[in-house]
There are 2 protein chains.
Amino acid sequence: MQTIEQLLESKDIRVTAMRLLIYKFLAEKEVAVTLSDIEDAFEKSDRTTLYRTIKTFEEKDIVHQIDDGTGITKYALCEKGCNCEIETDLHLHFHCNNCNETICLTDHKIPQIKVPDGFVSENVNLVVKGICDKCSGQ
Amino acid sequence: MQTIEQLLESKDIRVTAMRLLIYKFLAEKEVAVTLSDIEDAFEKSDRTTLYRTIKTFEEKDIVHQIDDGTGITKYALCEKGCNCEIETDLHLHFHCNNCNETICLTDHKIPQIKVPDGFVSENVNLVVKGICDKCSGQ
DNA sequence: AAACAGATGCAATGGAAGTGCATTATTGGC
DNA sequence: GCCAATAATGCACTTCCATTGCATCTGTTT
Ligand SMILES: [Mn+2]
Ligand SMILES: [Mn+2]
Ligand SMILES: [Zn+2]
Ligand SMILES: [Zn+2]
């Protein structure tokens with residue numbers, strides 16, 4: 001089991017206090033977060049720093065971006081061995097219309113989608129909306 | 001076969017020159033369009049009018065909105081008998097990474113998506129990205 | 001210590017969606 | 001046809017989020 005420091009170093013990311021804190025924040029959250037969520041959690045630091053940190057994480061495949069249709073970009077830590085860029089690895093995302101939270105359903109992979117002749121599928125984005133387990137009351 | 005005028009009237013939308021023009025513009029396009037696309041086509045009219053026209057069409061189920069992940073909302077005419085609000089009717093959308101256009105694959109319905117116990121699926125958005133038939137060179 | 005690279009902070013920008021209100025056009029009753 | 005009501009249009013402004021330029025700070029290397 002590697003430490004967060006080791007993970008960052010292995011991805012050629014310099015270890016800073018801020019980066020460790022943001023990583024831990026993401027790791028504790030079980031849902032995808034917006035930049036605003038991170039801002040609220042770290043009011044002392046500047047928005048830009050948080051933004052660039054999350055972008056750095058994204059470039060290095062530590063987090064992946066989620067477009068859940070709310071118009072606000074969300075982010076979540078990648079699972080170990082998650083190859084976000086490979087189509088076959090893509091899991092689906094669930095957005096709760098009640099609590100407004102979005103979560104990764106990491107072990108629900110997107111099924112193979114047929115496209116018409118002449119079309120080449122490279123990537124699929126699938127967001128299911130509805131009521132999450134917490135809100136459905138069971 | 002009903003005229004555009006008859007269609008609009010049947011949906012309780014007043015027939016105006018602008019609305020007819022925008023409807024025809026959408027009908028001629030085989031791809032989903034952004035508000036900017038409409039703006040470019042009708043430089044004489046104000047953006048707000050175009051915006052509200054498309055919103056009116058959307059409310060009355062004449063067009064449906066498409067979130068293809070580019071961050072810019074796109075719109076396309078509904079097919080005859082397209083019930084956009086019914087989950088089972090939803091077709092999938094294809095976004096070309098080359099020409100950057102998005103099209104409705106109206107006869108490719110979204111497959112049933114399994115969600116974990118406790119989750120209730122109400123709606124699904126599925127966008128396939130890749131290379132379209134025109135760009136794939138066949 | 002000096003030099004350098006990268007991280008952080010502040011300010012500003014840009015794009016797109018949305019709204020308030022005045023003006024103009026259309027409709028329906030008379 | 002005329003008038004009042006109602007809806008459509010145009011203009012200005014706002015809000016929200018994403019993104020960037022540049023100055024400053026911090027940590028590392030020689
Ligand atoms: Mn995810
Ligand atoms: Mn469509
Ligand atoms: Zn919920
Ligand atoms: Zn194409």
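Basis for what follows: all heavy atoms, side chains included, without hydrogens, waters or symmetry-related copies. Just so it is clear, the structure is predicted and the values come from calculations on it, not from any experiment. Chain letters run A, B, ... following the sequence lines, proteins first and then strands; every chain starts at 1.
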So, A:K60 side chain and A:L8 main chain: donor-acceptor pair closer than 3.5 Å or not?
no
To the nearest angstrom, the CG-P distance between B:L21 and D:dA8 comes to 16 Å
Is there a residue in residues 49-57 of chain B whose heavy atoms reach under 4.0 Å of DNA chain C, and which residues are they?
B:Y51, B:R52, B:K55
Contact boundaries of DNA chain C with chain A (under 4.0 Å, heavy atoms), 5' to 3'?
C:dG6 to C:dA11
Which of B:D107, B:D133, B:L105 passes side chain to side chain contact (heavy atoms under 4.5 Å, CB included) with A:P116? Answer is B:L105
Just the rounded figure in Å: distance from P of D:dG10 to CD of B:E43.
14 Å
Taking a hydrophobic cluster as the set of Ile, Leu, Val, Met, Phe, Trp and Tyr residues connected by side-chain heavy atoms closer than 4.5 Å, whether directly or through intermediates, do B:Y75 and B:Y23 fall within one such cluster?
yes
Return the nearest nucleotide to the side chain of B:D46; candidates are D:dA18, D:dA7, D:dG10.
D:dG10
Find the distance B:E39:CD to D:dC11:P and express it as a whole number of Å.
13 Å
Give a yes/no answer on whether the side chain of A:T48 brings an N or O atom under 4.0 Å of OP1 or OP2 in D:dT19.
no
Whether the side chain of A:K11 engages the backbone of A:F57 through a donor-acceptor N/O pair (distance < 3.5 Å, no angle test) should be reported.
no
Quick one: label B:T34 by what it contacts on the DNA or RNA (base, sugar-phosphate, nothing), any heavy atom closer than 4.0 Å.
nothing
Per side chain to side chain contact (heavy atoms under 4.5 Å, CB included), B:I66 is matched among B:T102, B:I72, B:T34 by B:T102
Whole angstrom is fine here: how far is it from NZ in B:K60 over to P in D:dA7?
11 Å
Quick one: label A:T73 by what it contacts on the DNA or RNA (base, sugar-phosphate, nothing), any heavy atom closer than 4.0 Å.
sugar-phosphate
Does B:A32 offer a backbone N or O that forms a donor-acceptor pair with the side chain of B:K74 under 3.5 Å?
no
Euclidean distance, atom CG of residue A:D12 to atom P of D:dT28 [Å, nearest integer]:
15 Å
Heavy-atom donor-acceptor pair, B:K134 side chain to B:I131 backbone, under 3.5 Å:
no
B:Y23 OH to D:dA8 P: how many Å, rounded?
18 Å
Rounded to whole angstroms, how far apart are CG on A:D37 and C1' on D:dC16?
15 Å
Interatomic distance where CD1 belongs to B:I13 and C1' belongs to D:dA7 [whole Å]
13 Å
Of all heavy-atom pairs linking B:C132 and B:C96, the shortest is N-SG, 3.4 Å
May I ask you to say what A:R47 touches in the nucleic acid, namely base, sugar-phosphate or nothing, with a heavy-atom cut-off under 4.0 Å?
base
Plane angle bin for A:H93 and A:H64 - parallel if under 30°, tilted between 30 and 60°, otherwise perpendicular
parallel
